[in-house]
Visitor: 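The structure follows.
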Amino acid sequence: MRLSQAFQPTLKEVPAEAQIASHRLMLRAGLVRQSSSGIYTWLPAGLRVLRNIANIVRQEQDRIGGQEILMPTVQSAELWRRSGRYDAYGPEMLRIEDRQGRELLYGPTNEEMVTDLFGGTVKSYRELPKMLYHIQWKFRDEIRPRFGVMRGREFYMKDGYSFDLSYEDAVSSYYRIMLSYLKIFRRLGVQAVPMAADTGPIGGELSHEFLVLAPTGESEVFYDAGWDEIDWDSIGLDPQKEEDLQKLREIVKTTYSATDEKHDLSAWEAVPEDRRRGGRGIEVGHIFYFGTKYTESMGVEVSGADGAPLHPHMGSYGIGVSRLVGAIIEASHDEAGIIWPEEVAPYRAALLNLRPGDELCDQLCESIYGRDPEGLLYDDRSDRAGVKFNDADLMGHPWQIIVGPRGAKAGMVELKHRATGERSELALDEALAKLGLA
RNA sequence: CGGGCAGUAGCGCAGUCUGGUAGCGCAUCAGUCUGGGGGACUGGGGGUCGUGGGUUCGAAUCCCGCCUGCCCGACCA
């Protein structure tokens with residue numbers, strides 16, 4: 001994309017309403033604009049990040065047998081009355097009436113809908129297990145929206161639902177998802193620690209939330225240093241292998257972690273003092289096993305092997321996709337701006353033409369840009385160099401390819417790594433090779 | 001929902017106390033120079049002062065209602 005044509009309005013000054021780093025940076029870098037309290041419009045670069053995150057989630061969910069569907073945002077009150085949650089959910093649920101006077105709601109979550117879908121379709125134990133997920137906008141009428149997209153009222157979320165025949169199978173599904181989540185967060189470039197959690201209005205008995213460690217997090221967290229030290233890639237746990245899921249269960253059981261809500265002082269004191277870690281965390285995911293709660297309340301059964309009907313065991317698994325955009329920035333930024341992890345960056349590199357109009361610079365830039373117009377953000381604006389440097393740092397692409405008249409004469413470009421600040425003068429071919437553009 | 005604060009140009013703000021018909025910086029447009037970390041100069045455009053009512057010869061300014069946004073707290077992906 002040519003920056004001269006892009007709809008990416010960067011701001012030199014910070015809008016007064018933004019209090020925390022991620023919110024300020026998202027506004028300044030031109031990722032989002034607020035529409036009303038807790039409701040945002042995503043601009044092109046922000047949308048790219050949102051999609052990158054969603055795609056990583058998708059790939060990893062598919063890898064463990066998830067199947068993507070897309071359920072509607074608007075649901076009928078009738079559905080929620082069947083589970084008994086219509087009244088239980090409270091004012092956080094946005095209720096709507098259509099022109100016929102029918103009661104509708106903007107979905108805050110989809111257990112009822114997916115259970116109904118499943119029940120109407122699956123009739124035999126032979127069709128289990130099933131893992132369905134979708135990535136869809138949700139609405140929860142938060143009492144006090146704040147922190148930009150981190151606590152919006154409208155938010156983009158992946159919610160998955162597992163259906164199993166037995167408690168044992170459901171617990172396997174639960175840990176399979178947990179393993180998948182750990183991988184997802186690693187790919188997103190953040191450290192997220194699973195912590196025992198309350199089940200809230202979703203209900204159930206086995207639940208963990210995933211907290212990204214960041215100083216602005218809303219919860220206080222306590223965990224064993226083991227969570228910092230485990231090298232998941234080299235352990236290589238396979239989500240399809242039952243014994244590996246058992247190993248994960250063992251790690252979870254023996255490596256302490258909890259938010260302040262579930263903090264257990266006696267267990268904490270059993271952790272050696274030099275291994276206790278604390279801090280603040282942002283909740284970016286939450287998984288629940290809730291058994292037959294919905295299949296029973298909504299009357300969903302399948303025939304078992306012996307012909308007798310049984311209620312499938314369910315779990316639900318959420319990842320806050322839009323919140324993650326903010327959370328990643330909270331965990332990865334500096335004074336100058338955002339530092340995007342490789343896989344989520346809106347563009348892999350910014351190409352800075354320090355002297356547009358200079359024949360050599362233009363030529364060199366065009367030849368580089370032509371190699372990947374989709375993946376490069378070409379700053380071809382007629383602004384001065386300082387503006388471009390500052391905007392590139394603000395927008396936070398992993399790499400900057402800097403082309404100026406000095407180097408251009410010699411066929412050299414400069415490569416800057418945003419995260420480390422490291423710069424190197426390279427011959428064009430070398431630079432292209434390093435970025436995989438050769 | 002309880003407590004606090006704020007709405008004046010795209011953004012950041014002054015002007016409100018003490019009423020006299022709106023201003024600064026940045027951004028933007030035109031031009032000249034400049035050219036490796038938000039450059040300089042010249043000239044221009046842009047505002048029903050959140051909104052409705054009231055007081056007054058006259059309201060951004062005083063009074064009342066409403067709307068919107070933000071911060072602290074109890075709740076959540």
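Chain letters run A, B, ... following the sequence lines, proteins first, then strands; residues in each count from 1.
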Visitor: Using a cut-off of 4.0 Å on non-hydrogen atoms, how would the nucleic acid contact of G152(A) be classed: base, sugar-phosphate, or nothing?
Guide: base

Visitor: Above 12 or not: heavy atoms from other molecules or residues under 6.0 Å from CD of E359(A)?
Guide: no

Visitor: In terms of the nearest nucleotide of RNA chain B, which residue is placed more toward the 5' end: V14(A) or H23(A)?
Guide: V14(A)

Visitor: Of the nucleotides rG38(B), rC76(B), rG12(B), which one has an atom closest to the side chain of P15(A)?
Guide: rG12(B)

Visitor: Taking the six-membered ring for Trp, is the centroid-to-centroid distance between F147(A) and H23(A) below 6.0 Å?
Guide: no

Visitor: Write down the distance between CG (D391(A)) and P (rA27(B)), rounded to a whole number of angstrom.
Guide: 12 Å

Visitor: So, OP1 or OP2 of rA74(B): does either fall under 4.0 Å of a side-chain N or O from R144(A)?
Guide: no

Visitor: So that I can tick it off, tell me whether R280(A) and E218(A) are bridged by a salt bridge, with the cut-off set at under 4.0 angstrom between side-chain N and carboxylate O.
Guide: no

Visitor: If rA6(B) has a Watson-Crick or G-U wobble mate with both distances under 3.5 Å, name it; if not, just say none.
Guide: rU68(B)

Visitor: Run through Y106(A), Y40(A), F155(A), Y156(A) and flag the one making a ring pair (Phe, Tyr, Trp, His ring centres under 6.0 Å) with W137(A).
Guide: Y156(A)

Visitor: Taking the C1' atom of each, how far is rG25(B) from rG38(B), in whole Å?
Guide: 14 Å

Visitor: What is the nucleic acid contact for L354(A), judged by heavy atoms within less than 4.0 Å: base, sugar-phosphate only, or nothing?
Guide: base

Visitor: Using whole Å, report how far CD of E17(A) lies from P of rC72(B).
Guide: 14 Å

Visitor: Please confirm whether the shortest side-chain N or O distance from T109(A) to OP1 or OP2 of rA77(B) is below 4.0 Å.
Guide: no

Visitor: Tell me the interatomic distance from F210(A), atom CZ, to rC76(B), atom C1', rounded to whole angstroms.
Guide: 17 Å

Visitor: Base, sugar-phosphate alone, or nothing: which one does D393(A) contact when heavy atoms must sit under 4.0 Å apart?
Guide: base

Visitor: Is it the case that the base of rC76(B) and the side chain of R151(A) share a donor-acceptor contact (distance under 3.5 Å, atom types as modelled)?
Guide: yes

Visitor: Classify the nucleic acid contact of A18(A) as base, sugar-phosphate or nothing, counting any heavy atom under 4.0 Å across all strands shown.
Guide: nothing

Visitor: Between rG36(B), rG39(B), rG69(B), which one does the side chain of R384(A) approach most closely?
Guide: rG39(B)

Visitor: Measure CZ/R146(A) against P/rG73(B) and give the value in whole Å, please.
Guide: 6 Å

Visitor: For rA30(B), what is the paired nucleotide under Watson-Crick or G-U wobble rules, both distances under 3.5 Å?
Guide: rU42(B)

Visitor: Please classify the nucleic acid contact of R28(A) as base, sugar-phosphate, or nothing, using heavy-atom distances under 4.0 Å.
Guide: base

Visitor: For F155(A) and rA77(B), do the ring centres fall under 5.5 Å apart while the planes stay under 30° apart?
Guide: yes

Visitor: Could you tell me whether K130(A) and D164(A) make a salt bridge, using a distance below 4.0 angstrom between a side-chain N and a carboxylate O?
Guide: no

Visitor: How many Å lie between CZ on R153(A) and C1' on rA77(B), as a whole number?
Guide: 16 Å

Visitor: In whole Å, measure the gap between the C1' atoms of rC49(B) and rG23(B) for me.
Guide: 12 Å

Visitor: Between rG69(B), rG36(B), rA77(B), spot the one nearest the side chain of E142(A), thanks.
Guide: rA77(B)

Visitor: If we take the P atom in both rA9(B) and rG2(B), what is their distance in whole Å?
Guide: 31 Å

Visitor: Looking at W268(A), I'd like to know if the NZ or CZ of R276(A) sits under 6.0 Å from its six-membered ring centre while staying within 45 degrees of the ring's axis.
Guide: yes

Visitor: Looking across every strand, which nucleic acid part, if any, lies under 4.0 Å from S382(A) by heavy atom: base, sugar-phosphate, or nothing?
Guide: base

Visitor: Can you tell me how far P in rA14(B) sits from the matching atom in rG3(B), rounded to whole Å?
Guide: 26 Å

Visitor: Salt bridge check, K247(A) against D244(A): does any charged N sit closer than 4.0 Å to a carboxylate O?
Guide: yes

Visitor: Just call it for G318(A): base, sugar-phosphate, or nothing, with non-hydrogen atoms closer than 4.0 Å on any strand.
Guide: nothing

Visitor: Can you check the distance between rG45(B) and rU8(B), where both ends of the measurement are the P atom (answer in whole Å)?
Guide: 23 Å

Visitor: Distance check, C1' atoms only: rC67(B) and rG50(B), in whole angstrom units.
Guide: 7 Å

Visitor: So V284(A), base contact, sugar-phosphate only, or nothing? Heavy-atom distance under 4.0 Å.
Guide: sugar-phosphate

Visitor: Does R418(A) use its side chain to pair, donor to acceptor, with the backbone of P398(A) at less than 3.5 Å?
Guide: no

Visitor: Let me know the distance between CG of D141(A) and C1' of rA77(B), rounded to the nearest Å.
Guide: 15 Å

Visitor: Using side-chain hydrogen bond (donor to acceptor under 3.5 Å, both in side chains) as the criterion, point out the one residue from S173(A), S162(A), S180(A) that pairs with Y317(A).
Guide: S162(A)

Visitor: Using the C1' atom in both, what is the distance from rG65(B) to rG20(B), to the nearest Å?
Guide: 27 Å

Visitor: Ignoring the backbone of E92(A), work out which of rC76(B), rC70(B), rG73(B) is nearest its side chain.
Guide: rC76(B)

Visitor: Any N or O donor-acceptor pair linking the side chain of E13(A) to the base of rG25(B) at under 3.5 Å?
Guide: yes

Visitor: Of all the choices, rG36(B), rA77(B), rC75(B), which nucleotide is nearest to the side chain of A385(A) once you look at every atom?
Guide: rG36(B)

Visitor: Return the 5'-most residue of the pair Q400(A), A16(A) with respect to RNA chain B, ranking by each residue's nearest nucleotide.
Guide: A16(A)

Visitor: Could you tell me the separation between the CD1 atom of I282(A) and the C1' atom of rC76(B), rounded to a whole number of Å?
Guide: 14 Å

Visitor: What nucleotide, of rU34(B), rC75(B), rC76(B), holds the atom closest to the side chain of R323(A)?
Guide: rC76(B)

Visitor: Any donor-acceptor pair under 3.5 Å joining the side chain of D383(A) to the base of rG38(B)?
Guide: no

Visitor: Check the distance between rG35(B)'s P and N353(A)'s CG and give it to me in whole angstrom.
Guide: 16 Å

Visitor: Taking atom P in both rG53(B) and rC1(B), compute the distance separating them and give it to the nearest angstrom.
Guide: 27 Å

Visitor: Does Q136(A) reach the main-chain N or O of M157(A) with its side chain, forming a donor-acceptor pair under 3.5 Å?
Guide: no

Visitor: Determine: side-chain N/O of Q19(A) to OP1/OP2 of rC72(B), distance under 4.0 Å, yes or no.
Guide: no

Visitor: Applying a 4.0 Å non-hydrogen cut-off, can you work out what D358(A) is touching in the nucleic acid: base, sugar-phosphate, or nothing?
Guide: nothing

Visitor: Considering Watson-Crick and G-U wobble pairs with both distances under 3.5 Å, what does rC62(B) pair with?
Guide: rG54(B)

Visitor: Base, sugar-phosphate, or nothing for E283(A), non-hydrogen atoms under 4.0 angstrom?
Guide: sugar-phosphate

Visitor: Taking a pair as Watson-Crick or G-U wobble with both distances under 3.5 Å, which nucleotide is matched to rA77(B)?
Guide: none

Visitor: The side chain of E218(A) lies closest to which of these nucleotides: rG38(B), rC75(B), rG69(B)?
Guide: rC75(B)

Visitor: K12(A) side chain: which of rA77(B), rG69(B), rA27(B) is closest?
Guide: rA27(B)

Visitor: Below 3.5 Å, does any donor atom in the side chain of R381(A) face an acceptor in the base of rG38(B), or the other way round?
Guide: no

Visitor: Between rA77(B), rG38(B), rA74(B), which nucleotide gets closest to the side-chain atoms of V387(A)?
Guide: rG38(B)

